[in-house]
Amino acid sequence: MSLINRVYVENVGAHVGEEVELRGWLYNKRSSGKIRFLLMRDGTGIVQGVMVKGSVPDEVFERFDALTQESAFGLKGKVRKEDRAPGGYELEVSDVVIYSIAHEYPIAPKEHGVEFLADRRHLWLRSSRQHAIMRVRHRIIKAIRDFFDERGFTLLDSPILTPAACEGTTTLFETEYFDLGKAYLTQSGQLYAEAGAMAFGKVYCFGPTFRAEKSKTRRHLSEFWMVEPEVAFADLNDDMDLAEEFLEYIVQSVLRDRERELKVLERNTTFLQNVKCPLPRITYDEAVEILKRKGVAFEWGNDFGGTDETIISEQFDRPVMVHRYPAQVKAFYMKRDPENPNLALAVDVLAPEGYGEIIGGSQREDDLDTLIRRIQEHQLPQEAFEWYLDLRRYGTVPHAGFGLGIERTVAWICGLDHVRETIPFPRMIYRLTP
RNA sequence: UCCGCGAUAGCUCAAUGGUAGAGCAUGCGGCUGUUAACCGCAGGGUUGCAGGUUCGAGUCCUGCUCGCGGAGCCA
């Protein structure tokens, strides 16, 4: 049996009446004496095999007794449409092949605490809920790559080890780098993506990013994935056009191809169906007005906190773009609004239902002298940014881009209450294992 | 770093300051359509750690460790 022709659970419906062989792990088993049910999980789904005493040799019938939860085994038998079976199909078992008997499996088919499961993340990934989440994550990432690919973007990945802070704000993970002193794990690939945009016009980078902040919330990981497009000859409006088209593409792809998974997750997709262009665009000032109207004591000039973002996003039935923030709360490389130099040409996209900021972007400062002044104002070491300043010395153009956090996007689309379930092996302040 | 909550069987939890228990899991037995199957029996505990109050502490007090949620920071 070649890999190509192997039958997997997700395809058994195409083999009704045929004798097939499935390979997988025991999800659960049930018995009523002379009739026995084996539930096999093979990574694509779960199907039940049924054996009646006398319909198979006794030695095959008795292998049921040896199989423990998560034991690896093969099932041979004829596929039958059966409404009483989970999934609608079942296997009339003719043979059972045991590959390995599992030790007592710690994750029983019942409720467990988060800590217990997190300690066994390598096993937890086998459960149907985690399986559904990872399948959605995969589809989101494929949609991201397809989106940029279809629009002529070039993938240009940025380095993970960097000589200095990209934005000079957050705490970074530090390591020794041979004889060259300290290196830092990247917190953003954006500056390198800008170099890419000047070389290729439209690029994106997509990789892990690291923040050593001691954040302890349901929205933070110390290692997370971010996709960052960067486009030459683009302003803030172009950036927002790209972001809304991007979000619509991702969400609609998942709705179309991951209906089953969203059902497993019991996700109410009402808000997701609404994610279609155009998305509402409001200014920072208008967002502040919303907060004031809702009785929030908010001072102009601050950045929004988690609860502020929730209140703002609750006013809309789809993600909302908030643009033109006070420059003081944004990064040094963001261009100022020519009509009001106190404002940065920045945009944050806030997801509905309290999921917060999933995209942060801006038009970049393209003037050499202004950018040097910003670096000085932020007290950043100019020599570390000389290569970045070169981008303004040699053919500078208006350009813009944004970053989308994968884990927050997965949490939002799946309707999860914590990002720790959105990545196979989460890294958090108090968790480095497994 | 700050604020709040928590830790009891392998797991999820219960137990007015007075004999530490249930469900699930595991083992054994039963059941010819099970759906986190069901029914019966059995084994399973240094109540996170250290100290204190008390005739008596899982329960009250102090300290510590670990975890969870939130703030700040951010995607």
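Labels below follow one simple rule: chain letters A, B, ... track the order of the sequence lines, proteins then strands, and each chain is numbered from 1.
- The heavy-atom pair separating A:E223 from A:I423 by the smallest distance is O-CD1, 4.0 Å.
- Of the side-chain N and O atoms in A:H418, one or more sit less than 4.0 angstrom from OP1 or OP2 of B:G69.
- Counting only distance, with no hydrogens or angles, the side chain of A:R267 and the backbone of A:K263 share no donor-acceptor pair below 3.5 Å.
- By the neighbour-count criterion of 12 heavy atoms within 6.0 Å, atom CD of A:E377 is densely surrounded, having more than that number from other residues, nucleotides or ligands.
- Because its NZ or CZ atom is both nearer than 6.0 Å to the ring centre of A:F64 and within 45° of the ring axis, A:K29 counts as a cation-pi partner of that residue.
- Atom CD1 of A:I359 is separated from atom P of B:C74 by 18 Å (rounded to the nearest Å).
- Contacts between residues 71-96 of chain A and RNA chain B, defined by a heavy-atom separation below 4.0 Å, involve A:R80, A:E82, A:R84, A:A85, A:P86, A:E90, listed by number.
- Rounded to whole Å, the distance from CG on A:L123 to C1' on B:C11 is 14 Å.
- With distances taken from any side-chain atom of A:L221 to the nucleotides B:A75, B:U32, B:C73, the minimum falls on B:A75.
- With a 6.0 Å cutoff to the six-membered ring centre and a 45° limit on the axis angle, A:R120 does not count as a cation-pi contact of A:W124.
- For A:Y284 and A:F304, the ring centers sit closer than 6.0 Å to each other.
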* Dot-bracket pairing map - RNA chain B, Watson-Crick plus G-U, both contacts under 3.5 Å, | cross-strand -> (((((((..((((....[..)))).(((((.......))))).....(((((..]....))))))))))))....

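- A ring pair (Phe, Tyr, Trp, His ring centres under 6.0 Å) with A:F147 is found for exactly one of A:Y204, A:F153, A:F206, A:F246, namely A:F246.
- A donor-acceptor contact under 3.5 angstrom links the side-chain atoms of A:S215 to the base of B:C73.
- Within the structure, every side-chain polar atom (N or O) of A:R420 is placed at least 4.0 Å from both OP1 and OP2 of B:G67.
- Classification of the A:F385-A:Y388 ring pair by plane angle, with boundaries at 30° and 60°, yields perpendicular.
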* Asked: Which nucleotides of nucleotides 2-7 of chain B have their base under 4.0 Å from a protein heavy atom (B), which only their sugar-phosphate (S), and which neither (-), written as one string 5' to 3'?
  -> ------

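- Contacts of A:R36 with the nucleic acid, taken as non-hydrogen atoms under 4.0 Å apart, are absent.
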